[in-house]
Amino acid sequence: MSVEFHRPASSPGAMNLTPLIDVVFQLLIFFMLTSSFVYPALDLKLPRAETRPSSPDAQMIVISLDAQNRLFVNREEVSEAELERILRERLQHVPQQAVFFRGDRATPYERFTEIMQIATRAGARSFNLIHEPNQ
């Protein structure tokens, strides 16, 4: 005796929902993954630490320009005429050849670019800006 199973005939108005469900799951996975990469994902209060190189003069070259237009390399006042020579000498002892610039708030942009060009001619490979944090 054989038993035959018959499926009921689907009505002509029935819609196949499988592709729609697949798309919804793919969108759900996409948004779950991309939302986890949004910065900041967690509200963390990181600890503060103070780190200083053993000899700041040997490790970092900081050019400062004050409101009176005086130039300083680290803490030593220099003239613009001798700035390139001093930078060239000090950059030989700094492996990354980076120069850091601290300028007064009122420093004209043109003055900043002049100092950056002098540092580049002296052999600086990177020119970094130092600023005070917002509080």
F112: ring-ring contact (aromatic ring centres under 6.0 Å, His included) partners, not counting sequence neighbours: F101, Y109, F127

Any L65 side-chain heavy atom under 4.5 Å of R102 side chain: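 They are not in side-chain contact.
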
Heavy-atom check, side chain of F100 versus side chain of I61, under 4.5 Å: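 Heavy-atom side-chain distance check fails, nothing below 4.5 Å.
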
L83 reachable from F72 in the ILVMFWY side-chain graph, under 4.5 Å edges: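 Looking at the clustering, L83 is in a separate group from F72.
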
V78 with M116, same ILVMFWY side-chain cluster at under 4.5 Å: yes

Name of the residue among I63, I86, V62 meeting side-chain contact (heavy atoms from CB on, under 4.5 Å) with N74: V62

Residues which pass side chain to side chain donor-acceptor pair (under 3.5 Å) with [X], listed by chain and number, not counting sequence neighbours:
X	value
E114	R111
N128	none
D104	none

Could you list the residues that satisfy side-chain contact (heavy atoms from CB on, under 4.5 Å) with [X], not counting sequence neighbours?
X	answer
N16	T18, P19
L17	M15, L20, I21
E89	R85
Q92	none

Nearest heavy-atom neighbours spanning V99 and A124: CG2-CB, 3.5 Å

Nearest atoms (heavy-atom pairs only) where L91 meets G123: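 Looks like CD1-C, 3.6 Å.
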
Lys/Arg N to Asp/Glu carboxylate O, R88 vs E82, below 4.0 Å: no

Residues which pass salt bridge (Lys or Arg N to Asp or Glu O under 4.0 Å) with E77, listed by chain and number, not counting sequence neighbours: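 With sequence neighbours excluded, E77 shows a salt bridge (Lys or Arg N to Asp or Glu O under 4.0 Å) to no residue whatsoever.
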
Summary of side chain to side chain donor-acceptor pair (under 3.5 Å) pairs that have at least one residue in residues 115-126, sequence neighbours excluded: E84-R121, Q97-R125

